[in-house]
Amino acid sequence: MNQPSIPIIKDLVLVGGGHSNIAVLKMFGMDPIPGVRLTLLTRDVHTPYSGMLPGFIAGHYDFDEAHIDLGPLCRFAGARLYHDSAVGIDTENQKVICAKRPAVPYDLLSINIGSTPRLANIGIAQDEVVPVKPISNFVSRWEMLKSRILEADRPFRIGTVGAGAGGVEITLAIQYALKQLLGEADKIELEPEFHLFYSEPEILSSHNYKVRKHFERVLKDRGVQLYPGNRVESVSDGRLRREDGMEVPLDEILWVTDAAAPAWLGEAGLDVDEDGFVKVTDCLNSPSHKDIFAAGDIAAVINHPRPKAGIFAVRQGMPLAKNLRNALLSRKLKPFIPQRMFLSLISTGDKKAVASKGEWCIHGGPVWRIKDLIDRRFMRKYNSL
Ligand SMILES: Cc1cc2nc3c(=O)[nH]c(=O)nc-3n(C[C@H](O)[C@H](O)[C@H](O)COP(=O)(O)OP(=O)(O)OC[C@H]3O[C@@H](n4cnc5c(N)ncnc54)[C@H](O)[C@@H]3O)c2cc1C
């Protein structure tokens with residue numbers, strides 16, 4: 001016998017399949033609210049898991065191991081999956097404007113679209129450098145880079161701009177992967193030069209002294225030249241120029257600097273911070289638009305600012321899901337205070353990693369194995385439904 005269909009009373013629209021919205025999908029799949037229709041609008045159907053990205057580039061994980069397939073997750077949640085990018089919000093009429101498809105109406109909106117390295121405002125054209133995000137673009141560029149290096153008649157010169165955890169990890173992952181690749185092809189004489197540029201006096205400026213010194217040693221041992229204390233001012237015709245006038249010719253320049261937000265969020269009238277990130281209360285909704293929630297890199301929690309890191313996006317997933325449910329059921333929202341001290345597991349590309357927390361630093365193969373276990377367990381939650 002056919003079940004009587006339940007009328008759609010409310011539309012919950014998730015924009016971006018980031019680390020927080022996937023938790024919303026999972027929780028609503030396990031405990032749906034009758035009459036609430038879920039829709040995920042996302043630029044990428046395979047969303048990369050940040051913790052496994054460097055391991056994916058280094059060649060320790062294949063694509064499926066390091067990405068969450070949002071198709072099965074949406075089916076599990078009973079959600080519609082729209083493969084497109086949001087480019088605006090009509091907050092008055094409660095509609096998300098999409099790049100290609102018709103606008104998507106919402107009663108409640110949850111934005112979790114991540115961030116990209118800052119390139120606007122500093123006068124560096126996108127085609128001169130390779131932004132590490134969006135990762136899907138970076139992955140295809142990485143495949144091309146490997147082929148170019150294998151076919152080259154001299155060693156490449158690769159530069160990374162930005163020496164936070166992302167910049168350091170990606171440089172070491174690439175160095176490791178290329179060394180293996182060239183070794184297997186019997187072309188080790190083509191092993192590239194690596195150059196790391198940053199404006200701070202030291203790498204990994206938000207980590208403790210022992211972590212910084214350990215990574216400095218690893219980078220030097222692996223032949224990476226360090227260029228501290230100067231901003232990159234311009235890149236033109238393959239020449240990178242620092243503020244002090246130093247110029248370095250490079251064949252490939254990876255851009256892994258501070259995160260930036262798209263302009264359309266502020267243009268929609270949302271309350272945003274000076275960098276364009278959506279301001280949110282402790283309950284993860286916008287103070288200017290109570291029907292709009294945000295989490296992960298794109299959110300700026302007004303009372304508890306934290307670095308842009310996947311771990312915070314993951315931690316916000318559960319409270320976000322609970323508060324979306326509370327809002328849909330007209331219940332009181334609950335505040336969430338993110339932890340101040342957190343454990344970072346930063347890999348060195350060679351199946352070793354460093355654990356960093358406060359003044360604490362441990363490194364080696366066992367740290368990588370623990371990180372690998374944690375990351376695989378996280379992925380199983382979303383890929384084995
Ligand atoms: C090389 C590198 C290594 C890193 N390593 C770590 C690490 O080990 N640990 C850690 O904690 N952090 C790490 N980070 C930081 C981490 O990647 C980010 O903090 C994290 O991915 C943010 O998660 P998110 O959920 O906010 O967004 P994301 O994971 O970026 O997800 C955003 C989602 O939104 C979608 N999307 C984007 N724009 C739109 C749009 N306009 N419309 C619709 N959909 C859209 C995307 O397709 C994607 O599915 C690393 C970053 C880099 C660059």
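For ligands, and for the atoms within them, numbers begin at 1 and follow the listed sequence.
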Heavy-atom check, side chain of Lys10 versus side chain of Leu108, under 4.5 Å = no

Among side-chain atoms of Arg43 and Ser85, is any donor-acceptor pair under 3.5 angstrom?
-> no

Establish whether atom 43 (C) of ligand 1 and some protein heavy atom are separated by less than 4.0 angstrom.
-> yes

Without swapping roles, check the side chain of Asp251 against the backbone of Gly238 for a donor-acceptor pair under 3.5 Å.
-> no

Determine, considering heavy atoms only, which of Ser50, Ser344, Ser20, Gly16 sits nearest to atom 16 (C) of ligand 1.
-> Ser50

For Ile170, take its heavy atoms, then give the atoms of ligand 1 lying under 4.0 Å from any of them.
-> 1 (C)

Can you list the ligand 1 atoms lying under 4.0 Å from a non-hydrogen atom of Thr47?
-> 48 (C), 49 (O)

How far is atom 27 (O) of ligand 1 from its nearest protein heavy atom, and which residue and atom is that?
-> Gly114 CA, 3.1 Å

Out of Ala259, Gly310, Ala294, whose heavy atom is nearest to atom 12 (N) of ligand 1?
-> Gly310

Which of Leu219, Leu204, Val354 passes side chain to side chain contact (heavy atoms under 4.5 Å, CB included) with His214? It is Val354

Have a look at His67, Arg43, His46 and point out the one with the heavy atom closest to atom 46 (C) of ligand 1.
-> Arg43

Face-on cation placement of Lys322 at Phe336 ring, 6.0 Å and 45° thresholds = no

Lys308: numbered ligand 1 atoms lying under 4.0 Å from its heavy atoms | 19 (O)

Ion pair present between Lys210 and Glu359, side-chain N to carboxylate O less than 4.0 angstrom?
-> no

Heavy-atom contacts with Lys133 under 4.0 Å: which atoms of ligand 1 show up? List them by number with element.
-> 17 (O), 18 (C), 20 (C), 21 (O), 30 (O)

Protein contact of atom 24 (P) of ligand 1 - nearest heavy atom, named by residue and atom, plus distance = Asn112 ND2, 3.6 Å

Examine Pro48 against ligand 1 and note whether any of their N/O atoms are separated by less than 3.5 Å.
-> no

Nearest-option assignment for atom 5 (N) of ligand 1, heavy atoms, candidates Met52, Glu169, Lys371 | Glu169

Leu41 neighbourhood, listing ligand 1 atoms whose heavy-atom distance to it stays under 4.0 Å = 43 (C), 44 (N)

Taking N or O atoms only and a 3.5 Å limit, does Gly51 qualify as a polar contact for ligand 1?
-> no

For atom 26 (O) of ligand 1, which protein heavy atom lies nearest, and how many Å away is it?
-> Asp297 N, 2.8 Å

Backbone or side-chain N or O of His19 under 3.5 Å from ligand 1 N or O | yes

Heavy-atom contacts with Val132 under 4.0 Å: which atoms of ligand 1 show up? List them by number with element.
-> 1 (C), 53 (C)

Between side-chain atoms of residues 46-57 and protein atoms elsewhere (two or more places apart, or another chain), which donor-acceptor pairs fall under 3.5 Å?
| unit_1 | atom_1 | unit_2 | atom_2 | d |
| --- | --- | --- | --- | --- |
| Thr47 | OG1 | Gly17 | O | 2.9 |
| Tyr49 | OH | Asp375 | OD1 | 3.2 |
| Ser50 | OG | His19 | NE2 | 3.2 |

With heavy atoms under 4.0 Å as the rule, classify the contact between Ala309 and ligand 1 as side chain, backbone, both or neither.
-> both

Taking atom 39 (C) of ligand 1 as the reference point, the nearest protein heavy atom with its distance | Ile113 CG2, 3.6 Å

Please report the closest heavy-atom contact between Ile149 and Pro192, naming both atoms and the distance.
-> CD1-CG, 4.1 Å

Would you say Val132 and Ile346 are hydrophobically clustered, going by side-chain heavy atoms of ILVMFWY under 4.5 Å?
-> yes

Counting from 1 in the order shown, the ligand 1 atoms closer than 4.0 Å to a non-hydrogen atom of Gly296 are 26 (O)

Which ligand 1 atoms does Ile311 reach within 4.0 Å, using its non-hydrogen atoms?
-> 11 (O)

Is the cationic atom of Arg242 (NZ for Lys, CZ for Arg) positioned less than 6.0 Å from the six-membered ring centroid of Phe197 and within 45 degrees of its normal?
-> no

Any idea which protein heavy atom is nearest atom 47 (O) of ligand 1, and the distance to it?
-> Asp44 OD2, 2.6 Å

What part of Asp84, side chain from CB on, backbone N/CA/C/O, both or neither, has a heavy atom under 4.0 Å from ligand 1?
-> backbone

Identify the protein heavy atom lying closest to atom 31 (O) of ligand 1, giving its residue, its atom name and the separation to 0.1 Å.
-> Gly18 CA, 3.3 Å

Centroid-centroid under 6.0 Å between Phe312 and His304 rings = no

Which residue owns the protein heavy atom closest to atom 40 (C) of ligand 1, what's the atom, and how far is it?
-> Ala86 N, 3.6 Å

Purely on distance, is any nitrogen or oxygen of Trp264 under 3.5 Å from one on ligand 1?
-> no

Identify the closest protein heavy atom to atom 52 (C) of ligand 1: which residue and atom is it, and at what distance?
-> Gly166 CA, 4.1 Å

In the single-linkage hydrophobic clustering (I, L, V, M, F, W, Y; side-chain heavy atoms under 4.5 Å), do Leu254 and Leu181 co-cluster?
-> yes

Is there a donor-acceptor pair under 3.5 Å between the side chain of Asp271 and the backbone N or O of Lys279?
-> no

Can you name the residues that form a side chain to side chain donor-acceptor pair (under 3.5 Å) with Asn93, not counting sequence neighbours?
-> Asp90

In terms of side-chain geometry, is the basic nitrogen of Lys213 or Glu202 positioned less than 4.0 Å from the acidic oxygen of its partner?
-> yes

